2 protein chains.
Amino acid sequence: MSKAERVSQAEKATIGLRSLIMEGAFHPNTRLREVALAERLGTSRTPLRQAMDTLVAEGLLERAESGGCRVTSLDIDDICDSIELRGVIEGTAARLAAERGADPELLAQGEALLEGLDRSVAEPANIDFPTYVRLNGKFHNLLAKLPGSAVIQRELERVNRLPLASPTAFLREQDLVPDFMRSLIRAQGQHRAILEAIRDGEGTRAESVAREHARLARNNFAFLTKAEPHLATRIPGLALVTSE
Amino acid sequence: MSKAERVSQAEKATIGLRSLIMEGAFHPNTRLREVALAERLGTSRTPLRQAMDTLVAEGLLERAESGGCRVTSLDIDDICDSIELRGVIEGTAARLAAERGADPELLAQGEALLEGLDRSVAEPANIDFPTYVRLNGKFHNLLAKLPGSAVIQRELERVNRLPLASPTAFLREQDLVPDFMRSLIRAQGQHRAILEAIRDGEGTRAESVAREHARLARNNFAFLTKAEPHLATRIPGLALVTSE
DNA sequence: TAGGACTACAATGTATACAATTATTCGTCA
DNA sequence: TGACGAATAATTGTATACATTGTAGTCCTA
């Protein structure tokens with residue numbers, strides 16, 4: 001709080017534009033006009049163009065053939081593939097951590113996070129959902145660090161930024177899933193299994209559980225969007241999905 | 001030849017800067033000075049800064065804490081991890097292609113490439129090496145397309161651009177590896193096995209062979225740099241590796 | 001009326017001027 | 001002599017002016 005974060009225009013533009021896109025301010029495939037957008041974001045074209053480059057790298061925008069950018073149009077399968085890919089890389093992180101032996105300090109942090117997650121879902125009638133979401137994010141961030149490889153960490157964090165791919169992307173909307181409580185408890189069991197396998201040096205197990213964990217998210221997402229499209233509109237970022 | 005490709009200043013800067021870095025024009029961790037570099041590349045700061053953003057995304061540069069960019073410093077293990085990760089994603093592409101059924105047209109193209117590769121290594125005494133390298137690159141590009149997923153294709157192509165991670169990154173220096181011929185023939189066998197498994201819908205097999213295929217590259221790289229560092233200097237891009 | 005070319009306009013790409021920040025050097029004081 | 005600090009230089013970040021490229025509309029012609 002005390003730290004008056006100095007924020008550059010470029011960051012401001014990136015954050016602002018990302019928000020606009022995720023909120024669905026533009027239809028998929030909309031061509032972005034630089035002058036108008038810059039004015040709307042309260043900055044000039046230079047940092048806006050930087051922001052556009054960033055969002056192209058993140059997959060929210062695509063370069064248009066004759067210059068400029070369009071808002072990415074994804075379909076549900078694209079997002080499922082992003083989640084699958086995230087699971088694959090998370091699985092690799094878990095496997096490498098197990099094979100190489102993870103830092104005990106980080107493992108201890110993981111244990112602490114697991115206990116916090118346990119507590120937040122302990123009473124099925126009265127779940128501390130914000131806490132669960134926060135700790136879940138921290139747990140997955142920890143997973144990226146566990147193999148002690150800058151490359152793996154960076155690339156996993158990158159894939160987490162793909163539209164709707166991150167472990168927390170639509171978690172807060174899991175109350176839309178009918179057997180949501182069961183899904184949450186299963187997910188927490190998987191968290192524990194992953195960390196256990198890493199601690200015990202069981203690379204193959206760590207990898208397969210991490211993959212399965214992502215598939216739980218993927219299936220929830222697919223169920224929501226396919227079976228309950230009217231509810232799915234509450235998912236932020238879904239505006240990128242072309243309605244069909 | 002006839003097509004007079006109109007090349008933008010930004011592309012010129014990106015290509016030029018990437019070349020400089022790969023050739024080892026800067027030591028790892030060198031801070032890049034924009035005005036001097038822009039002049040050296042024959043362009044202005046604006047497209048240069050774009051190029052720097054691009055190369056940051058590719059992993060060749062890193063943002064410095066107080067603005068600007070530094071040349072990335074990698075160690076050998078970082079590059080091994082990049083190759084491992086490439087193998088993991090290639091394996092996923094192969095598995096998904098097998099599970100979903102790949103486009104017969106693309107599979108036929110793959111068969112044709114395999115035959116070309118076979119021909120180029122048919123006579124151990126007189127290998128057509130440039131052809132092998134070219135077809136090998138095409139084969140791996142095809143692999144990225146086979147699952148028919150824009151997300152998978154894009155992310156695999158991205159990981160291929162990580163420093164020294166691509167399937168052809170240091171292939172042309174495999175003549176430095178003592179049992180180079182054996183390695184090449186084994187790699188070609190793996191190519192065939194991957195395509196076979198995809199065609200037969202054997203996802204698990206496709207994935208594991210593709211992973212093993214990348215590990216062959218990884219091991220060759222590790223051998224070269226660890227056992228024969230004086231020879232390894234011939235590998236382009238190795239300038240990114242901090243000498244220790 | 002359809003097609004093509006020319007013209008005017010609008011949007012992007014590039015260069016540069018300017019502002020803000022960071023690094024450096026020199027001087028002074030302990 | 002060493003350390004702190006102010007002044008200054010160097011460098012990055014931002015805005016804007018300019019150049020170039022794409023686009024659409026209209027008018028002319030077949």
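Naming convention: chains lettered A, B, ... in sequence-line order (proteins, then strands); numbering from 1 in each chain. Side chains included, hydrogens not; waters and symmetry mates left out as well; all remaining heavy atoms used. These figures come from a predicted structure and were not determined experimentally.
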Query - R33(A) side-chain proximity, nearest of dT14(C), dT16(D), dA11(C) - result: dA11(C)

Query - Strand-adjacent residues in residues 51-63 of chain B, judged by heavy atoms under 4.0 Å from DNA chain D - result: none

Query raised in the report: Do T242(B) and L74(B) come close enough that some side-chain heavy atom pair is under 4.5 Å?
Result: no

Report task. Report yes if some heavy atom in the side chain of T225(B) is under 4.5 Å from a heavy atom in the side chain of V241(B); otherwise report no. Result -> no

Query raised in the report: Can you check whether Q50(B) has a side-chain N or O nearer than 4.0 Å to OP1 or OP2 of dG13(C)?
Result: no

**Report entry** Which atom of R86(A) lies closest to which atom of L156(A), heavy atoms considered
**Finding:** O-CD1, 4.2 Å

Query raised in the report: Mind checking whether I89(B) and R158(B) have side chains closer than 4.5 Å, heavy atoms only?
Result: no

Query raised in the report: Looking for any heavy atom pair under 4.0 Å, which part of the strands does L37(B) touch: base, sugar-phosphate only, or nothing?
Result: nothing

Query raised in the report: Does some side-chain heavy atom of M52(A) sit less than 4.5 Å from a side-chain heavy atom of L48(A)?
Result: yes

Query raised in the report: Counting just side-chain N and O atoms, does T46(A) come under 4.0 Å of either OP1 or OP2 of dT14(D)?
Result: no

Query raised in the report: In whole angstrom, what separates R49(B)'s CZ from dT14(D)'s P?
Result: 7 Å

**Report entry** Atom pair distance, as rounded to whole Å: CG in L48(B) and C1' in dG13(C)
**Finding:** 15 Å

Query raised in the report: Is any side-chain heavy atom of L195(B) closer than 4.5 Å to a side-chain heavy atom of L146(B)?
Result: yes

Query raised in the report: Atom CD of Q9(A) and atom P of dG13(D): how far apart are they, to the nearest Å?
Result: 13 Å

Requested in this report: Return the value, rounded to whole Å, for the distance between atom CD of E34(B) and atom P of dT11(D).
Outcome: 10 Å

Query raised in the report: Below 4.5 Å, heavy atoms only, C-beta onward: do L20(A) and L37(A) meet side chain to side chain?
Result: yes

Report task. May I ask you to say what L32(B) touches in the nucleic acid, namely base, sugar-phosphate or nothing, with a heavy-atom cut-off under 4.0 Å? Result -> sugar-phosphate

Query raised in the report: Does the side chain of E157(A) come within less than 4.5 Å of H140(A)'s, by heavy atoms?
Result: no

**Report entry** Annotated protein contacts, base or backbone, on nucleotides 17-24 of chain D with a non-hydrogen cut-off under 4.0 Å, one of B, S, - each
**Finding:** B---SSS-

Query raised in the report: Does M22(B) reach the side chain of P236(B), with side-chain heavy atoms less than 4.5 Å apart?
Result: no

